[in-house]
2 protein chains.
Amino acid sequence: MAQKAEKRRKQILKAAFQAATEKGYESVTLQDIADYADVSKGVTNYYFKNKSDVFTQLFEWITSRIYEKEAASISEQETALKKLEAYIDRVFISPEENKNFYRVYLDFLSQVKNNDSYKEINQKFYENCWSIGREIIQQGLEEEVFEVEDVEQTAISIRCMIDGSLIQWLMRDDDQLHDYYRRTCYESILKILS
Amino acid sequence: MAQKAEKRRKQILKAAFQAATEKGYESVTLQDIADYADVSKGVTNYYFKNKSDVFTQLFEWITSRIYEKEAASISEQETALKKLEAYIDRVFISPEENKNFYRVYLDFLSQVKNNDSYKEINQKFYENCWSIGREIIQQGLEEEVFEVEDVEQTAISIRCMIDGSLIQWLMRDDDQLHDYYRRTCYESILKILS
DNA sequence: CATTTTATACTGACCGGTCAATTTATTTTG
DNA sequence: CAAAATAAATTGACCGGTCAGTATAAAATG
């Protein structure tokens with residue numbers, strides 16, 4: 001029963017994500033979400049307090065899922081350099097996935113100023129990203145392959161570079177450039193780490 | 001006469017900018033713009049085709065103004081290093097200005113996917129930014145203070161770092177961190193250039 | 001049959017855009 | 001130059017439409 005409710009919740013969140021991907025955060029209506037989830041409008045209001053509640057939970061779900069996948073992909077590697085490579089490969093997963101995720105993520109970012117819950121969720125996401133950066137840097141220092149003065153600052157820089165690269169790629173809207181930006185991002189981070 | 005019309009147009013654009021700063025792109029109404037401009041609701045539609053037209057022109061105005069100021073600030077300097085410093089100082093001009101501009105800019109970025117005019121305007125802005133980067137890099141190569149393999153790629157990286165840093169700073173919403181992110185961004189770019 | 005879940009109908013608020021009416025500025029005319 | 005005529009600019013009420021949220025009805029469940 002509770003499982004079925006959880007399934008419905010996920011179904012609605014996925015529908016909201018799909019709707020946001022195609023229509024953009026602000027113009028998604030409750031009807032859109034219901035349509036994508038193949039249910040009626042009443043269902044969304046039954047499982048969620050309101051529209052804002054849907055998107056808050058969606059934002060939380062997306063960011064934690066992203067972090068988990070990133071963390072998983074670096075834990076499979078042994079050396080710092082391999083971990084960094086796996087991290088960037090995971091971040092630049094594919095044009096389609098990056099487009100879907102980053103479009104919605106950008107929508108959320110542009111809403112952070114109006115919504116303290118979003119701000120908090122994003123802060124948590126940042127902290128998770130920085131912790132990945134720190135882990136890679138520290139291991140690289142132990143292996144003596146990186147030369148970094150301030151670990152914290154460098155971890156922050158790495159995420160700036162990643163987000164900046166993905167956003168610029170997204171804005172240029174050219175799938176062919178995906179690989180170019182992945183390499184550019186990777187090489188820049190390598191320089192920052194040396 | 002045409003001058004007076006131009007003045008009104010600017011007045012409405014400024015009002016739209018102010019409204020977008022405080023309420024966010026999507027939730028700005030024609031009434032908001034009229035209120036901030038201290039005119040009645042009909043005026044906006046008298047000087048602009050529609051709401052979307054207002055924002056297209058606003059986006060164009062903002063991005064070209066930003067580029068001009070950045071270009072002006074580096075042209076005042078002689079050496080590559082001084083130019084880079086002036087560039088970053090200009091980009092991180094002040095917490096207040098950065099907040100106002102980047103909030104609205106982020107709103108626009110999140111709309112690029114739905115609006116080809118926005119995409120084009122932003123593309124032009126990027127090209128301007130890259131040209132600033134190229135100029136600094138090339139001079140640094142001549143002065144032999146930088147060591148760069150691919151000028152184009154490095155110019156792109158520089159802007160990724162700048163935008164990534166400013167967005168991350170903006171999301172953390174802490175004026176005290178403004179100087180920290182300015183330094184972090186500057187130092188990372190220096191590493192990328194060496 | 002009682003409770004939970006889903007579907008449908010409805011309401012009130014809001015918004016973009018229109019437009020007739022009014023005010024203000026400019027030009028024409030005697 | 002002053003009065004009349006014309007044009008430009010401004011106003012705000014209004015309309016068609018949309019949407020979030022609610023209320024209520026219907027169906028499924030156990």
Side-chain angles (χ1 to χ4, degrees), chain A residues 1-60 104 107-108 110-111 114-118, chain B residues 1-60 104 107-108 110-111 114-118:
Chain A
M1 194 112 93
Q3 279 177 354
K4 196 191 159 196
E6 189 56 26
K7 202 180 140 191
R8 264 271 185 273
R9 234 179 47 89
K10 281 275 158 65
Q11 180 188 6
I12 291 167
L13 287 181
K14 274 183 189 171
F17 178 69
Q18 206 182 336
T21 296
E22 293 182 19
K23 307 199 163 196
Y25 176 86
E26 284 275 8
S27 54
V28 171
T29 67
L30 289 177
Q31 193 61 60
D32 289 332
I33 297 174
D35 288 348
Y36 278 107
D38 249 320
V39 294
S40 76
K41 199 180 151 190
V43 174
T44 306
N45 276 318
Y46 181 78
Y47 288 98
F48 295 87
K49 234 180 25 238
N50 50 34
K51 191 182 164 185
S52 163
D53 186 32
V54 177
F55 282 110
T56 302
Q57 294 194 34
L58 176 60
F59 194 20
E60 214 155 13
V104 178
D107 272 339
F108 278 122
S110 80
Q111 298 299 324
N114 311 311
N115 189 318
D116 282 346
S117 310
Y118 290 1
Chain B
M1 195 117 91
Q3 279 178 356
K4 198 191 160 196
E6 189 56 26
K7 202 180 141 191
R8 263 272 186 275
R9 235 179 46 88
K10 282 276 159 62
Q11 179 189 5
I12 291 166
L13 287 181
K14 275 184 190 171
F17 177 70
Q18 207 181 336
T21 297
E22 294 182 17
K23 306 199 164 194
Y25 176 86
E26 283 276 9
S27 53
V28 170
T29 68
L30 291 177
Q31 192 60 61
D32 289 332
I33 297 174
D35 289 347
Y36 278 108
D38 249 321
V39 294
S40 78
K41 194 184 158 193
V43 171
T44 304
N45 278 319
Y46 184 77
Y47 288 96
F48 294 86
K49 238 186 15 247
N50 49 34
K51 191 182 163 185
S52 163
D53 186 33
V54 177
F55 282 109
T56 303
Q57 294 195 36
L58 176 60
F59 194 19
E60 214 154 14
V104 178
D107 271 339
F108 279 122
S110 80
Q111 299 298 324
N114 311 311
N115 190 319
D116 283 345
S117 312
Y118 290 0

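Each chain gets a letter, A, B and so on, in the order the sequences are listed, and its residues count up from 1.
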Once the angle between the rings of B/Tyr25 and B/Tyr118 is folded into 0 to 90°, is it parallel (under 30°), tilted (30 to 60°) or perpendicular (over 60°)? perpendicular
Tell me which residues in residues 15-28 of chain A lie within less than 4.0 Å of DNA chain D, going by non-hydrogen atoms. A/Val28
Can you tell me which residue among A/Lys41, A/Lys51, A/Lys23 is in a salt bridge (charged side-chain N to carboxylate O under 4.0 Å, His left out) with A/Asp32? A/Lys23
Donor-acceptor contact below 3.5 Å, side chain B/Gln11 vs main chain B/Ala37: yes
Both A/Lys41 and B/Val39 contact DNA chain D. Taking the nearest nucleotide for each, which residue is further toward the 5' end? B/Val39
On a heavy-atom basis, the closest approach of A/Phe55 and A/Ala20 is CE2-CB, 4.3 Å
CD of B/Glu60 to CZ of B/Phe108: how many Å apart, nearest 0.5 Å? 10.5 Å
Rounded off to whole Å, could you give me the CG-to-C1' distance for the B/Leu30 and C/dT18 pair? 12 Å
Just the rounded figure in Å: distance from P of C/dT11 to CD of A/Gln31. 18 Å
Strictly below 4.0 Å, heavy-atom distances to any atom of DNA chain D: list the hits from residues 42-50 of chain A, or just say none. A/Asn45, A/Asn50
A/Lys51 NZ to D/dT22 C1', straight-line distance once rounded to whole Å: 17 Å
So, applying side chain to side chain contact (heavy atoms under 4.5 Å, CB included) with B/Phe48, which one of B/Ile12, B/Thr56, B/Leu58 is it? B/Ile12
Specify the closest pair of heavy atoms between A/Ser110 and A/Asp107, including all atoms of both residues, with the distance to one decimal. OG-O, 3.0 Å
What's the CG-C1' distance between A/Asp35 and C/dA7, to the nearest Å? 13 Å
Rounded to whole angstrom units, what separation is found between the CD1 atom of A/Ile33 and the P atom of D/dA20? 8 Å
Of all heavy-atom pairs between B/Ala15 and B/Tyr36, which one has the smallest distance, and what is that distance? CB-CB, 3.6 Å
